[in-house]
Amino acid sequence: MTAQESTSTRPYLIRALYEWCTDNGLTPYVAVRVDDSVQVPREYVKDGEIVLNISFDATSALQLGNDFIEFKARFGGKPREILVPVGRVIAIYARENGQGMAFPPPVDVLAGSSSAAAPTVLEPVAGIESAPASRAPAAASEDRVVQLVSADDGKKDGGGDGDAPRPPPTSGGARPSLKRVK
């Protein structure tokens, strides 16, 4: 079996980070790029994305499958059935400290479809090699490991020094967010 024939690592990483969050008493959130294949309350979608709390307390009948994340949750007091294709998940992280993992944007965003917003700025995790340049771009982006960065990091030190790694926040200060490139 070649690397291109193997299954995606995304659902396995999502399950692993979900388990890590719950084992450490943290609240797992998933950021999802919404399109017609995503079944979520559209009134809560902002800029083509939605962030969902997938903790045990916020969901019922949660299933983290290889193809879909399925669960029932209440939005504004109304019970809703949620169905998210795993390929539409762009990040999973802990609400309390922002630790987690961002994934390459879905293929329609990479292709520059007219309905897509600007992609997220992703920073590689230190110490992990990037994929070889000889591989196809789609295959290389599937294996890339990235880290969420707080939007406040650049403001504190006057823009930063580019490639130097940033230390994680020391206290529960500002809420983490994804940086946007416009």
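Source: prediction; values computed, not measured.
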J.: So do Val32 and Ile90 actually touch side chain to side chain, heavy atoms under 4.5 Å?
T.: no
J.: If the condition is side chain to side chain donor-acceptor pair (under 3.5 Å), which residues does Ser60 pass it with, not counting sequence neighbours?
T.: none
J.: Report yes if some heavy atom in the side chain of Leu83 is under 4.5 Å from a heavy atom in the side chain of Phe71; otherwise report no.
T.: no
J.: Please enumerate all residues that pass ring pair (Phe, Tyr, Trp, His ring centres under 6.0 Å) together with Phe75, with sequence neighbours excluded.
T.: Tyr44
J.: Would you give the length of the straight line joining atom CZ of Arg88 to atom CD1 of Ile50, rounded to the nearest 0.5 angstrom?
T.: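 Here the interatomic distance stands at 13.0 Å.
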J.: Regarding Arg15 and the six-membered ring of Tyr12, is the cationic atom NZ or CZ under 6.0 Å from the ring centre and inside 45° of its axis?
T.: yes
J.: Does the side chain of Ile92 reach to within under 4.5 Å of the side chain of Cys21, using non-hydrogen atoms?
T.: no
J.: List the steps and the verdict of side chain to side chain contact (heavy atoms under 4.5 Å, CB included) for Val51 and Val30.
T.: CA-CA 6 Å; Val51 176; Val30 290; over 6 Å; no
J.: Could you pull out all residues at least two apart from Ser37 that satisfy side chain to side chain donor-acceptor pair (under 3.5 Å)?
T.: Asp35
J.: Suppose the criterion is salt bridge (Lys or Arg N to Asp or Glu O under 4.0 Å): which pairs have a residue in residues 65-77, not counting sequence neighbours?
T.: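 Residue pairs with at least one partner in residues 65-77: Lys72-Glu81.
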J.: Would a 4.5 Å heavy-atom cut-off, applied to side chains only, mark Leu62 and Ile69 as touching?
T.: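 In contact.
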J.: With Ser55, which residues qualify under side-chain contact (heavy atoms from CB on, under 4.5 Å), at least two apart?
T.: Thr27, Pro28, Asn53, Asp57, Ala58
J.: Output yes when a side-chain donor or acceptor of Asp47 lies under 3.5 Å from a complementary backbone atom of Glu49, and no otherwise.
T.: no
J.: Can you confirm whether Val86 sits close enough to Asn66 that some side-chain heavy atom of one is under 4.5 Å from a side-chain heavy atom of the other?
T.: no
J.: If Ile, Leu, Val, Met, Phe, Trp and Tyr residues are connected whenever their side-chain heavy atoms lie under 4.5 Å apart, and connections chain through other members, are Phe68 and Val38 in the same group?
T.: no
J.: Would you check if Tyr18 and Ile54 make a side-chain contact, meaning some heavy-atom pair closer than 4.5 Å?
T.: yes
J.: Does the side chain of Arg33 come within less than 4.5 Å of Pro85's, by heavy atoms?
T.: no
J.: Nearest 0.5 Å, what's the CD1-CD distance between Ile14 and Glu19?
T.: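 One gets 14.0 Å once the value is rounded to the nearest 0.5 Å.
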J.: Can you list, by chain and residue number, the hydrophobic cluster partners of Trp20 when the side-chain cut-off is 4.5 Å?
T.: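 Listed partners: Leu26.
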J.: Gln63: which residues meet the side chain to side chain donor-acceptor pair (under 3.5 Å) condition with it, sequence neighbours left out?
T.: none
J.: Any side-chain heavy-atom pair from Val84 and Gln39 closer than 4.5 angstrom?
T.: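 Of all side-chain heavy-atom pairs linking Gln39 with Val84, none is under 4.5 Å.
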J.: At their closest point, which heavy atom of Pro104 faces which heavy atom of Arg10, and how far apart are they?
T.: O-NH2, 3.2 Å
